[in-house]
2 protein chains.
Amino acid sequence: MKTSTPSSSIEDYVKVIYSFTEWQQKPITSTQLAQRLGVANSSVSEMVRKLKDQGLVDHKPYSAVTLTADGVRLALSMVRRHRLIETFLVQELGYRWDEVHDEAELLEHAVSDTFIDRMAAKLGNPARDPHGDPIPAADGSVRMPSAHRLSELDDGHTGRITRISDENPELLRYLAAEDIDLDAEVEVVGRRPFGGPLVVRIGSAAASREFDFAEEVASALWVHSDAAHTGCNVADL
Amino acid sequence: MKTSTPSSSIEDYVKVIYSFTEWQQKPITSTQLAQRLGVANSSVSEMVRKLKDQGLVDHKPYSAVTLTADGVRLALSMVRRHRLIETFLVQELGYRWDEVHDEAELLEHAVSDTFIDRMAAKLGNPARDPHGDPIPAADGSVRMPSAHRLSELDDGHTGRITRISDENPELLRYLAAEDIDLDAEVEVVGRRPFGGPLVVRIGSAAASREFDFAEEVASALWVHSDAAHTGCNVADL
DNA sequence: CTTATTGTTTCGGTGTGCCTAATAATCTGT
DNA sequence: ACAGATTATTAGGCACACCGAAACAATAAG
């Protein structure tokens with residue numbers, strides 16, 4: 001179990017493994033890892049062995065990959081870096097929210113802990129990034145908002161947008177153009193027949209608009225139910 | 001002559017080659033390059049061949065290394081990055097001037113051109129960094145202040161500090177503690193016998209203080225003569 | 001229950017940037 | 001001008017992170 005500084009590849013692997021389980025429930029497989037990282041399956045096998053040697057993941061041949069406590073710690077610190085950087089780019093340097101992902105992807109491996117700390121201080125230790133993703137605290141605690149994909153809600157359900165997946169920049173630009181942002185009120189009106197788009201009402205009662213959302217849009221929007229403000233404190237490892 | 005994105009090693013080599021000639025006059029040798037980069041001589045030989053293949057340097061075996069026009073262009077863009085980042089860290093994130101060098105060294109390879117542009121805009125396109133080093137403009141033009149090392153001035157000479165070498169963080173901390181900063185007025189009083197320290201008067205006539213500067217301090221401070229404000233516009237390649 | 005199909009790992013090989021050790025070129029002192 | 005020291009280059013290797021192709025499990029289908 002070396003404590004040497006992890007390479008940026010290792011940081012990426014661990015971050016992707018963590019991110020997969022952040023909003024899904026099942027652990028990630030070799031092939032999925034390869035797809036998300038854009039590398040060959042063989043590269044993943046090799047790297048997973050290295051991660052295991054370093055005590056960052058648990059893995060038995062031909063089964064899924066899960067993080068150890070050390071792995072989660074490292075992953076959370078990378079996620080914290082990523083999301084703080086994204087927030088900083090938007091708030092301090094005038095980036096649009098569809099531009100920040102790639103830049104943060106590069107910076108998160110390069111900056112020092114000091115840089116992260118100063119940035120967090122300047123931003124007032126924000127709890128979430130421009131897409132609504134929770135920013136882990138320096139001690140590794142995360143406040144995960146309880147949220148469900150818009151695409152999975154029943155008709156008539158109401159709530160607020162708490163998170164918007166940043167995987168597709170095009171999608172973010174579309175939402176920005178339509179003036180759909182975090183914390184907007186939403187109501188599921190219904191679904192067009194034969195797996196058609198989801199009909200949704202967005203905005204406060206006074207000025208609300210109706211949208212037909214394709215599956216990709218509906219599953220990128222995460223909604224927090226109006227009812228109770230239930231959050232759970234995850235991962236004090 | 002590939003136009004592919006240069007690796008961060010290549011960026012470092014080119015930057016060091018340029019920096020050497022920025023304040024010296026002679027081109028850099030293999031060994032000096034190796035020392036400044038902290039690598040073996042053999043590594044330099046190998047890399048210099050690669051730089052030559054890419055058209056960034058001119059080099060004949062067993063002689064010094066000089067940059068081509070392409071090389072200078074790349075070097076200036078790296079120097080611009082480095083110095084803008086340093087300025088940003090001091091002005092926006094509250095870094096002390098002795099802390100910024102190493103952080104900038106890492107960041108300069110990671111950030112995008114967009115990041116650099118936005119940073120420069122936010123800072124108001126500064127012409128020099130916290131140590132007084134000139135920041136090349138985006139088009140590659142540099143305004144080099146005409147300055148001489150304090151250690152090389154004759155007795156009685158007066159001027160203002162235009163640049164403070166950032167090579168030694170200890171030195172920067174010492175100067176900060178003594179409240180010696182850019183643009184301070186200086187007068188060379190004399191030199192203690194037998195190559196002793198240089199005696200210097202610093203500050204405006206009203207409240208000036210006298211210092212005995214060891215060679216390392218005296219040669220880290222660059223002074224602009226009171227006389228004419230002569231700058232020259234270098235490198236519009 | 002044996003055979004496809006799919007997923008995973010192993011094997012050999014690539015490029016980059018570094019190393020040490022050996023060798024070749026240049027500079028220096030007498 | 002030449003031996004000896006210094007400086008530079010080549011040769012052979014290593015670690016990292018990647019690849020394609022081939023071998024190997026696990027699962028699904030006939």
Side-chain angles (χ1 to χ4, degrees), chain A residues 1-17 20 24 26-67 71 74-75 78 105-106 108-110, chain B residues 1-17 20 24 26-67 71 74-75 78 105-106 108-110:
Chain A
M1 194 195 306
K2 295 302 311 276
T3 318
S4 62
T5 313
S7 71
S8 65
S9 292
I10 286 181
E11 291 174 345
D12 275 338
Y13 275 79
V14 166
K15 194 185 63 172
V16 169
I17 296 167
F20 189 86
Q24 318 268 127
K26 299 267 137 231
I28 196 167
T29 68
S30 217
T31 304
Q32 289 168 321
L33 238 182
Q35 279 170 351
R36 303 217 166 192
L37 288 164
V39 301
N41 282 351
S42 52
S43 308
V44 171
S45 283
E46 207 175 321
M47 279 301 270
V48 166
R49 181 153 25 84
K50 184 173 300 183
L51 293 179
K52 193 179 172 189
D53 290 348
Q54 301 193 5
L56 295 170
V57 303
D58 290 323
H59 180 237
K60 291 197 176 56
Y62 296 97
S63 70
V65 184
T66 55
L67 293 172
L74 176 57
M78 294 313 297
E105 202 75 23
L106 297 174
E108 65 191 10
H109 302 298
Chain B
M1 193 193 308
K2 296 301 311 276
T3 318
S4 61
T5 311
S7 71
S8 65
S9 291
I10 285 181
E11 292 174 345
D12 276 337
Y13 275 79
V14 166
K15 195 186 62 170
V16 169
I17 296 168
F20 189 85
Q24 318 268 128
K26 300 266 135 231
I28 196 167
T29 67
S30 215
T31 304
Q32 289 167 321
L33 238 182
Q35 278 171 351
R36 303 216 166 195
L37 287 163
V39 300
N41 281 353
S42 54
S43 309
V44 171
S45 283
E46 211 175 316
M47 278 302 269
V48 166
R49 181 152 25 85
K50 183 172 298 181
L51 293 179
K52 193 180 172 185
D53 290 348
Q54 301 193 6
L56 295 170
V57 302
D58 290 323
H59 180 238
K60 291 196 174 59
Y62 298 98
S63 69
V65 184
T66 55
L67 293 172
L74 175 58
M78 294 314 296
E105 202 75 23
L106 298 174
E108 66 190 11
H109 302 297

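Below, read A as the first sequence line, B as the second, and so on, with proteins coming before strands; counting in each chain starts at 1.
- Counting only heavy atoms from C-beta outward, the side chains of B/S43 and B/Y13 approach each other to under 4.5 Å.
- The only option from A/V39, A/T31, A/L51 that meets the side chain to side chain contact (heavy atoms under 4.5 Å, CB included) definition with A/V44 turns out to be A/V39.
- Here the P atom of nucleotide D/dC18 and the CG atom of A/L33 are 11 Å apart, to the nearest Å.
- Residues B/P27 and B/V65 come closest through the heavy atom pair CB-O, 3.7 Å.
- Distance check: A/S45 OG to A/L33 CG gives 10.0 Å after rounding to the nearest 0.5 Å.
- Residue B/L67 is tested with B/L56, B/I28, B/V14 for a side chain to side chain contact (heavy atoms under 4.5 Å, CB included); the sole match is B/V14.
- Extent of DNA chain C lying under 4.0 Å from chain A heavy atoms, first and last nucleotide in 5' to 3' order, is C/dG7 to C/dT10.
- Nucleic acid contact class of B/A40 (heavy atoms, under 4.0 Å, all strands): base.
- A/Q54 places a side-chain heavy atom less than 4.5 Å from the side chain of A/I10.
- Put simply, CD1 on B/I17 and OG1 on B/T29 are 11.0 Å apart, with the number rounded to the nearest 0.5 Å.
- Distance check, rounded to the nearest 0.5 Å: OG1 of B/T66 to NZ of B/K26 gives 12.0 Å.
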Between the protein and nucleotides 8-10 of chain D, are there any N/O to N/O pairs under 3.5 Å, and if so, what are the atom names and distances?
unit_1 : atom_1 : unit_2 : atom_2 : d
D/dA8  : OP2    : B/T31  : N      : 3.0
D/dA8  : OP2    : B/T31  : OG1    : 2.0
D/dA8  : O3'    : B/Y62  : N      : 3.3
D/dT9  : OP1    : B/H59  : NE2    : 3.2
D/dT9  : OP1    : B/Y62  : N      : 3.2
D/dT9  : OP2    : B/S30  : OG     : 3.4
D/dT9  : OP2    : B/S45  : OG     : 2.9

